[in-house]
Every structure is written in C-alpha cells, then in structure tokens.
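Here is the structure we will look at.
Quick note: numbers below take in every heavy atom, side chains included, and nothing from hydrogens, waters or symmetry partners. Here is how names work: the chains are called A, B, and so on, in the same order as the sequence lines, proteins then strands, and each is numbered from 1.
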Amino acid sequence: MDYMNKNVVWLASYPKSGNTWLRILLNNILSNSTEPTSINQINIAQLASCRELFELYTGINASDLTDSEIFNMRPRVYEKLSISSQADLFIKVHDAWQITPKGKELFPSRITKGGIYLIRNPLDISVSLAYHNSIPIKESIDRLNDNNFSLSSDRTKLPTQLRQNLFNWSYHVTSWIHNSPIDILVIRYEDMITNIHKTFSQILIYLGLEFTPEEIDKAIENSSLKNLKEQEKQIGFTEKPQNAECFFRKGEKDSWKQILNEGSVKSITSTHYRLMDKFGYLPEE
Amino acid sequence: MFKYQVYGLAIESELELVDLIESPGSISEVSIKYGIVPEHLPKSKQVGVLFEAAPNEFIFRFEGIAAYWVRNGNEIIIHPNKSTSSDDLVVFLLGSVMGALLHQRNSLPLHGSAIATLEGAIIITGRSTVGKSSLAAALCERGYQALADDISVITEDNGTFVLNPGIPFFKLWKDTISHLNFNPQMKRVRSGIEKYKKPINRFYNSKALPISLIINLAIKNSPNISHKEIHGSEKFTLLRNNTYRMEFMEGLDSTENHFHQLMKLVNSHRLILIERPKFPLDILELAKYVEDNFIPNGLHE
C-alpha cells in the first residue's frame with residue numbers, strides 16, 4: 001500500500017470568489033522573484049478538474065468513462081498526485097466537498113494538510129458570473145440557486161474540464177466549512193479587498209509560511225488588479241472565456257448595488273439568507 | 001479464432017472484434033486470449049490508478065469490467081467480469097491496453113487522427129476536446145480517406161516513417177454528429193456516454209503511408225484560425241506530449257527508445273500548430289482551412 005503524506009492544501013471556492021487572485025498571490029510570493037510572475041504561468045496550483053491530470057494517473061481517456069466512473073476514480077488520482085510530490089501541493093477546486101457514489105471522500109482526508117475556502121457575497125458573484133460567462137443576470141442567479149448545478153456537465157460534447165458538482169451556493173459553502181472534516185481557513189473576498197495585507201498574512205500563517213512584511217507587500221503589489229489588467233492587455237489570459245471582454249475586471253465589492261434590481265436581490269437573499277447573515281452579506285435595511 | 005489487421009499488426013483473437021478489419025489467413029504477430037490475470041506484477045516500476053507497468057509487462061485493471069495483461073508486445077490476456085458487455089471490453093482493449101502493447105513493440109503511437117493525401121499521411125494531434133476526430137471526419141466529408149482515429153501509429157520502414165492504418169471507425173460526440181449532419185442512429189461507444197462510433201466511409205485500407213505532415217491542433221482566445229510552424233525543443237515537447245499513453249513509458253522502460261524515435265521524427269517532418277477559436281467550433285471551416293493551406297494537390301484516390 002502506498003504511504004500517504006498529508007501534503008495537499010485545497011484552494012476551494014464557488015466560481016468568481018477570488019480563487020485566481022489567491023493563486024496569483026501565492027505564485028508571486030513563492031516565486032522568489034521581485035518581478036510579477038506571468039498570469040499564464042500560475043504554476044503553484046494544480047486544477048482538481050483537469051482532464052490531463054486525471055488521464056495521467058489513470059492511464060485512460062476520460063472521454064471513454066461515465067461521469068460516475070470518473071467521480072469514483074478522482075480520489076485515487078489525487079492520492080497518486082500527492083504520493084508523487086515531496087513538497088506541499090496546492091489544488092484549486094470549484095467542486096462542493098462531496099462523497100463519491102462508492103462512499104469515498106472526493107478530496108481524501110488522508111492526503112490533506114489543509115484547505116482554504118474563499119467566500120464572496122453571492123450578490124456580487126451573480127454580477128461577476130454574468131460578465132464572465134456572458135449570460136443574463138437572471139441566468140447567473142438561477143445557477144447560484146440551482147440545487148443541482150454543475151460545471152462542464154454537457155455530455156453531448158467533450159468539455160475541457162471534468163464535471164464539477166457545485167450544487168447551490170449555500171450548499172457549496174456548507175459542504176466545505178461544515179461537512180468536510182478538514183480544518184478549513186475561511187477567507188472573505190471582501191476582507192481581501194479591504195485589508196489585503198492582514199488577510200494574506202493570515203493565509204500565510206495558516207499555511208506555515210514565513211515571509212517578511214516587505215516580501216508580503218511586494219507580492220501584493222505584483223498581484224494588484226492594475227498589474228493583472230495590464231498583463232492581460234499585453235499577453236491575454238488563458239483562463240478567460242472567449243466571449244468575456246476581460247477576466248480581470250473590477251475586483252471590487254458591493255458592485256451589485258449598481259446592477260441588481262430588487263427582484264434579483266430578493267431571489268438571492270431569500271434562498272441564501274442564513275449564510276448571508278452569518279457572513280455579513282445581507283443588504284442593509 | 002478471429003484474425004484481424006490493425007496498425008500494421010496481424011492479430012488473432014478469441015474475442016470477436018467487429019470494429020477491426022478481418023485478415024483471414026494472416027500469420028499472427030499478436031494473440032488475444034481469455035485467461036487469468038495476476039493481481040499484481042512482481043516487478044512493477046510504475047503503478048497508476050488503473051494500471052501497473054514493468055519492462056515487457058503491463059496490467060490494466062478496471063474494477064467491475066475486466067483485467068488485461070499485456071506481455072512482450074505480442075500477447076494480451078483478458079479476464080472479464082461475468083456481466084461485462086462486449087462494448088466495454090473492447091473499448092479499453094483497443095484503447096489503453098493496445099497503447100501499452102504498441103509501446104512494448106517500440107512503435108510510436110500518437111494521440112491523434114490521420115488522413116491520407118497525395119503527399120502522404122497528415123496526422124492531427126492535440127489535447128483532448130480540441131477536435132481531432134471531428135476535423136478528420138470533416139476532411140473525410142470533403143473526400144479524403146482516413147487512416148486512423150484516436151491512435152495514429154508510426155513505425156519505421158527502411159528509414160522512412162510511415163503511418164499504419166488503424167481502426168475504421170471515428171468516435172464522435174453527439175454535438176459533432178449534429179454539426180456534420182451525420183445519421184444520428186449510430187452505435188454508442190459505451191452505454192452511458194454520448195460518444196458514438198461512425199464507420200469511416202472512406203477508409204484507407206492499404207499498406208502503410210509515408211508521413212507528409214503533423215498538425216497540432218490547439219485552441220486560443222481569438223475569433224480567427226491561424227497557424228505557424230514549430231521548431232526546436234518546442235517541437236519535440238509537443239510531439240512527446242501528444243504520444244498516446246505517454247504515462248506508461250516509464251514503467252515499460254521504453255522512454256529511451258521513444259526519445260530516439262522522436263528525435264528522428266522531429267528532424268525529418270514538419271510540425272504545424274493550428275490554433276482555432278474556442279467558440280464557435282466551425283469544423284467545416286477548419287477542414288477547409290487545412291485543405292487550402294496544407295493539401296496543395298487535393299484528394300488522394
């Protein structure tokens with residue numbers, strides 16, 4: 001039996017909640033470079049839904065498998081990935097934390113060092129999702145509220161990534177911060193906006209990484225929205241959907257106030273009231 | 001026993017393989033039999049989720065479906081589960097298991113499809129989902145013969161790299177079938193997935209064809225199709241990364257041999273990177289682009 005080393009840190013989030021920003025921050029601070037790292041070489045993290053990663057460790061075309069078969073194999077893929085590395089591994093995840101049909105943790109505890117869950121106000125997510133996917137706000141809200149929503153689920157063609165079950169926003173949050181046995185660090189995107197130095201420092205302490213305040217500030221500066229937008233303008237960003245105008249857009253909080261109408265706000269708050277209240281996301285009266 | 005010809009190999013099989021070209025009377029180089037497969041290899045160099053690899057030995061085990069044991073590049077032993085359908089048995093036999101056999105035989109299998117032109121074979125490689133099979137199928141609709149889908153097997157014939165005819169079926173997604181107006185009543189590759197087997201109407205079933213060109217198909221965030229020739233180390237890396245079941249090579253101890261073959265291929269053949277828009281995938285437009293730019297003399301009869 002393979003020896004399991006707890007060396008995986010899951011970087012988990014619902015889409016458009018700051019996962020890319022966090023990965024770029026980590027990429028910059030761990031690069032030992034004073035220059036900004038390329039946005040198209042965020043080498044610090046693997047992608048949990050990467051088709052090539054799955055095929056590398058299974059030795060099979062994922063396209064010849066059913067969703068259920070892929071789902072049941074994914075935990076062993078992550079275990080093989082963990083075994084292959086002496087160092088700590090970051091793995092980006094959009095899936096909800098789940099148990100597979102065979103009763104295994106999708107993200108195995110026995111290889112897990114920790115997890116960071118990035119949370120963002122779903123009112124702002126709905127706006128960001130609409131821009132990112134070039135869809136109407138209503139469709140964006142429907143996805144946030146959909147108990148069965150999945151990414152890359154179209155089975156009439158081959159999606160670039162493996163299917164990821166998100167469920168609705170509240171379930172996604174609950175799955176990671178309550179259902180999973182992982183000692184999760186929950187980070188609010190809004191706290192990254194208002195006090196990035198303090199929040200990023202908190203993340204580094206959780207990860208057991210020591211850097212000077214100057215190094216932290218440099219990484220923050222190299223990961224600033226201004227720098228990222230400039231890079232995207234110069235070289236493009238491979239993670240940008242083709243129809244989106246840009247990936248790095250506004251990176252702000254409360255932009256929903258200028259965009260969402262009363263009906264849209266109510267649709268989100270009525271569905272996700274409890275967690276929005278807990279994390280301070282309910283609109284002021 | 002059934003006898004077939006595929007990838008330049010004469011195969012005899014206890015299992016009927018209706019997808020392959022029959023070749024009665026041929027002297028077999030590879031045998032496929034039912035039998036017992038060991039739980040593990042005694043000298044595994046590499047263990048994946050579904051496979052174990054050692055020099056000249058390989059096991060592929062799909063729990064609930066079958067176990068396959070590949071030995072010395074000339075023998076495949078299959079132990080199926082009682083309830084396994086023939087479709088399931090065949091899809092993995094002609095996929096990953098065949099890939100291991102080809103590496104054991106020191107062939108050079110690329111992950112891609114291939115068509116025949118007057119100048120020779122054009123191989124279309126690229127990542128999963130990029131549209132290799134769809135492009136080959138679309139070129140077939142334009143009148144070209146296809147030699148292979150999914151696995152394109154290169155061997156050396158008196159110092160010349162040749163492409164060996166493969167399996168006379170495309171594996172296409174429902175989306176592509178609709179786009180190319182194919183008959184929707186096709187057999188699924190396996191139950192539970194929306195991928196279908198389409199017979200290659202114009203199948204090149206003759207002796208192995210010298211290679212004319214290798215294309216690497218990729219996606220970019222741009223509305224237009226473009227291309228450029230790839231040279232140097234990037235060329236080597238792209239071809240290596242497009243080797244079928246590259247992950248088996250370390251355990252099979254075939255990495256060094258593969259390296260030498262790839263170096264020769266890199267030095268003797270052009271590699272063109274064609275980048276297509278992510279959306280929409282107009283496969284007919286892409287096929288026309290390939291024809292206009294890379295098939296100067298048109299159809300191969």
Side-chain angles (χ1 to χ4, degrees), chain A residues 1-2 40 49-84 101-102 104 133-134 152-163 232 235-247, chain B residues 46-53 58-65 87-88 91-92 94-97 99-100 111 127-131 133-134 150-151 171-179 189-196 219-223 241 244-248 251 277-281:
Chain A
M1 185 165 169
D2 292 316
N40 291 319
S49 54
C50 177
R51 187 175 289 278
E52 285 78 18
L53 181 74
F54 179 91
E55 293 180 349
L56 178 68
Y57 286 104
T58 56
I60 197 170
N61 285 353
S63 60
D64 286 334
L65 303 176
T66 63
D67 283 340
S68 178
E69 286 168 341
I70 292 171
F71 201 40
N72 280 321
M73 285 181 201
R74 282 174 65 187
R76 285 193 284 163
V77 169
Y78 304 133
E79 288 175 352
K80 289 290 178 189
L81 175 61
S82 165
I83 289 162
S84 73
K102 282 194 172 176
K104 303 282 183 194
N133 293 308
S134 302
S152 302
S153 58
D154 186 351
R155 296 305 275 151
T156 62
K157 58 186 174 189
L158 192 59
T160 50
Q161 294 184 32
L162 303 176
R163 180 185 176 119
E232 183 174 14
I235 62 173
F237 184 41
T238 53
E239 294 182 34
K240 178 187 86 71
Q242 182 174 309
N243 291 337
E245 194 182 317
C246 60
F247 184 95
Chain B
Q46 186 186 9
V47 179
V49 173
L50 297 178
F51 69 91
E52 286 183 45
F58 179 87
I59 288 176
F60 183 85
R61 188 183 305 277
F62 197 134
E63 195 184 311
I65 291 183
D87 286 344
D88 282 0
V91 78
F92 303 118
L94 297 182
S96 299
V97 174
H111 194 176
R127 295 174 68 173
S128 294
T129 78
V130 80
S133 299
S134 302
D150 196 37
I151 311 176
K171 292 201 279 188
L172 300 173
W173 291 89
K174 201 171 184 178
D175 188 54
T176 301
I177 290 167
S178 302
H179 197 65
V189 168
R190 281 181 75 207
S191 170
I193 60 175
E194 291 295 326
K195 195 157 72 164
Y196 296 82
I219 292 170
K220 64 171 179 180
N221 268 331
S222 165
N241 291 345
Y244 187 74
R245 300 278 75 91
M246 181 180 72
E247 58 272 13
F248 295 166
K278 191 171 185 180
F279 299 117
L281 170 53

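With sequence neighbours excluded, the residues satisfying side-chain hydrogen bond (donor to acceptor under 3.5 Å, both in side chains) with Thr176(B) are Ser134(B). The side-chain hydrogen bond (donor to acceptor under 3.5 Å, both in side chains) search around Glu194(B) returns Arg188(B), Tyr196(B), not counting sequence neighbours. In this view, Ser153(A) and Ser150(A), Arg163(A) satisfy the side chain to side chain contact (heavy atoms under 4.5 Å, CB included) rule, not counting sequence neighbours.
Salt-bridge check for Lys104(A) with Glu79(A): failed, with every basic side-chain N at 4.0 Å or more from each acidic carboxylate O.
Rounded to the nearest 0.5 angstrom, Asn61(A) CG and Ile151(B) CD1 are separated by 8.0 Å.
Top candidate by heavy-atom pairs under 4.5 Å with chain A, chosen from Lys174(B), Arg245(B), Gln46(B), Arg127(B), is Arg245(B). Ranking Asp154(A), Leu56(A), Thr160(A), Asp64(A) against chain B, the residue ahead of the rest is Asp64(A), based on heavy-atom pairs under 4.5 Å. When Gly64(B), Ala53(B), Ser96(B) are compared by the number of non-hydrogen pairs under 4.5 Å with chain A, Ser96(B) comes out ahead. The choice from Ser128(B), Gly95(B), Gly99(B) that makes the most heavy-atom pairs within less than 4.5 Å of chain A is Ser128(B).
Ring pair Phe51(B)/Phe58(B) is parallel by interplanar angle, where below 30° counts as parallel and above 60° as perpendicular.
With a threshold of 4.5 angstrom between heavy atoms, Asp88(B) does not approach chain A through any atom at all. Using a 4.5 Å cut-off between heavy atoms, Arg76(A) touches chain B through backbone and side chain atoms alike.
In this structure, Ile193(B) and Lys171(B) have side chains that are not in contact, with every pair of non-hydrogen atoms separated by 4.5 Å or more. Side chains of Tyr244(B) and Asp150(B) form a contact here, defined as non-hydrogen atoms less than 4.5 Å apart. For the pair Leu50(B) and Phe60(B), the minimum side-chain heavy-atom distance is below 4.5 Å.
Scanning residues 65-74 of chain A against chain B with a 4.5 Å non-hydrogen threshold yields Leu65(A), Thr66(A), Glu69(A), Met73(A), sorted by number.
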